[in-house]
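Whatever order the structure lists them in is the order used to number ligands and atoms, beginning at 1.
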Amino acid sequence: MEKMEVALVSCERYPLIKVGGLADVVGALHAKLKKYCVPRLFLPGFSAVLKKYRHQPYGQFDVEFSSKRKEKGVLLKLADTQFPETYLICNEGYFARDEVYGPGGKDYPDNPERFSFFSMAALECCARFFQDTELFHCHDWQTALLPLYLKTHYAGRISASTVFTIHNLGYQGIFSAEKFGILGLGQEYFRMDQLEFYGKVNVMKAGIIHSSVLNTVSPTYAREILTPEYGCGLDGLLATRKDDLSGIINGIDYTVWNPAFDGLIAKKYRLLPGKRLNKRALQKKAGLPERDDIPLFGFVGRLVQQKGVDLIVEAVRQSEFQFQMVVLGTGDTEYEGKMKELAAKMPYCVSVMIGYDEAYAHQIYAGSDFFLMPSRYEPCGLGQLIAMKYGTIPVVRKTGGLADTVEPFDSEYKDGCGFVFEDPDPGQLASCIQRAIGLYADSNAMCMAFNRVRKCNFSWSSSVGEYWALYEKARKKK
Ligand code: ADP
């Protein structure tokens, strides 16, 4: 039997272009789904990708949103054999820019135009060049219009199912009502049961309402988003699709994230003494005293409210920890500022680097004793999964994917693999950090915890199988 042809439509794919965890997920799916189907990836033709990777022209196309909005685009194919079936949807005006979504954690004002174009262009390219496409897998609000355009502009031209994956419900693509016109949809779609949202346009609603099935990236987050606390105003709508909503935990690509083979860290390791060498190297690079008798906490992630950055700052300010902390991240200017202030106040124990740095991220995972992830909400979270592979003990809040993947330690550290606290409260985080400092002082217990944490396995094989099952379900529901 011929394998099903699937279009993965996403703004990120590791290592071509990455802002966050979405890139890792799409990278793994694109590589590993081959076992089941023909996965063809469509990315916007961002300058960063065009500059770095060889490509060749594949075709030209036009899209027509309405009589007033018609656009042209070019489809390129990557020539790098490492990335087969990878296509770039190009339009200079929209994608020849430095940032994916916008500068400094803000959105470009024309994101509705950019991503409605991307969504429709992916459909157009399949209608023209890949007529056997049976399923579209859309990721996040930037591609949420695709399932709707399939029913409107492409009805009769393409017959396919759609899967819509919500990687983070906190980003919905909400725009002022004046932008509705550019989407090329009839006025009947600007109603409360469609894209209208408190007088504005909410693009994510299109994906939730019109996809064949939808999922998010952990079972707990899939349940949480049905509640007002985590639903970001969409819990009611999501509840109407409860039977079609599932949670599939993300995996980790262990060919990239494995301390035994990692060429980006100071010393490859399998055992604790090897890790200690990485700790020294990290302390040196971070400008902190090179000491073994003090525990080192790492943080790698976006510096935004979601990640509980303020909880870390408050917990550290309130307590006088005997510890070191190394932070790497970019995000909101406010949270970047708070972190920099903390480092300026405590230069001997806190080191902060604002920026995106793949190699330094690896070095922090390898060189830290503990990894902080006190997220206010966390759809899945990759940081804690990576940390565990490096024998770095996670300190997390019990929410979303963190709750699904970090089993709390028992009181004697004989079971479990991390420190878990319940509420988004700096005091609760501080007491977890204090417990972690206590564990560090007991070298036998620390060694046992290291060995246990190292064994936690979150490889992609089972999650990719679950995605395939979801595709089959979607196909039946077309
Ligand atoms: P999110 O997708 O919400 O940003 P995840 O924990 O799911 O968070 O994934 C974040 C991914 O991005 C991890 O692989 C992490 O190592 C990486 N990352 C985040 N910030 C940085 C940074 N400043 N430099 C390098 N890697 C980063």
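A salt bridge links Lys179 with Glu113: at least one charged nitrogen is closer than 4.0 Å to a carboxylate oxygen. One finds a salt bridge joining Glu341 and Arg317 here, because a Lys/Arg side-chain nitrogen approaches an Asp/Glu carboxylate oxygen to under 4.0 Å. Remark: Lys18 engages Asp24 in a salt bridge, criterion side-chain N to carboxylate O under 4.0 Å. Salt bridge present: Lys279 and Asp369 bring a charged side-chain N and a carboxylate O closer than 4.0 Å.
The nearest heavy-atom contact from the protein to atom 22 (C) of ligand 1 is Tyr356 CD1, 3.4 Å. For atom 18 (N) of ligand 1, the closest heavy atom belonging to the protein is Val300 CG1, 3.9 Å. Scanning the protein heavy atoms around atom 4 (O) of ligand 1, the nearest turns out to be Arg302 NE, 2.7 Å. Residue, atom and distance of the protein heavy atom nearest to atom 10 (C) of ligand 1 are Gly21 N, 3.8 Å. Nearest to atom 19 (C) of ligand 1 among the protein's heavy atoms is Gly301 CA, 3.7 Å.
Contact annotation for Leu382 and ligand 1: heavy atoms of both the backbone and the side chain come within less than 4.0 Å of the ligand.
Annotation for Tyr377 and Pro379: closest pair CD1-CD, 3.9 Å, computed over non-hydrogen atoms. Residues Leu470 and Ser246 approach most closely at CD1-OG, 3.8 Å, considering heavy atoms.
Close contacts of ligand 1 with Ile386, meaning ligand atoms under 4.0 Å from a residue heavy atom, involve 14 (O). Which parts of ligand 1 touch Met373 is read off a 4.0 Å heavy-atom cut-off, strictly below it: atoms 6 (O). The atoms of ligand 1 that sit less than 4.0 Å from any heavy atom of Gly20 are 2 (O), 4 (O). Counting the atoms of ligand 1 from 1 in the order shown, those under 4.0 Å from a heavy atom of Gly355 are 22 (C), 23 (N). Short contacts between ligand 1 and Gly383, defined as distances under 4.0 Å to a heavy atom of the residue, involve ligand atoms 6 (O). Per-residue contacts place Ala361 under 4.0 angstrom from the following atoms of ligand 1 (heavy atoms of the residue considered): 25 (C), 26 (N). Residue Gly329 has at least one heavy-atom neighbour below 4.0 Å for each of these atoms of ligand 1: 23 (N).
For the pair Tyr365 and ligand 1, a heavy-atom separation below 4.0 Å is found. The shell of residues lying under 4.0 angstrom from ligand 1, judged by heavy atoms, excludes Cys380. Using a 4.0 Å cutoff on heavy atoms, Asp357 counts as a contact of ligand 1. At least one heavy atom of Lys307 sits less than 4.0 Å from an atom of ligand 1.
By the 6.0 Å and 45° rule, Arg13 does not stack over the aromatic ring of Tyr87. Relative to the ring axis of Tyr108, Arg114 does not place its NZ or CZ within 45° and under 6.0 Å from the centre. Judged by a 6.0 Å distance limit and a 45° cone about the ring axis, Lys200 is not positioned over the six-membered ring of Phe175.
When Lys18, Met353, Gln384 are checked for heavy-atom proximity to atom 12 (O) of ligand 1, Lys18 turns out nearest.
Test Arg40, His30, Glu85 against Leu8 for side-chain contact (heavy atoms from CB on, under 4.5 Å) and you get one pass: His30.
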Next item on the list: Let me see the working for Trp257 and Tyr365 under ring pair (Phe, Tyr, Trp, His ring centres under 6.0 Å), right down to the final yes or no.
Entry: CA-CA 10 Å; Trp257 300 108; Tyr365 288 116; 5.4 Å; yes
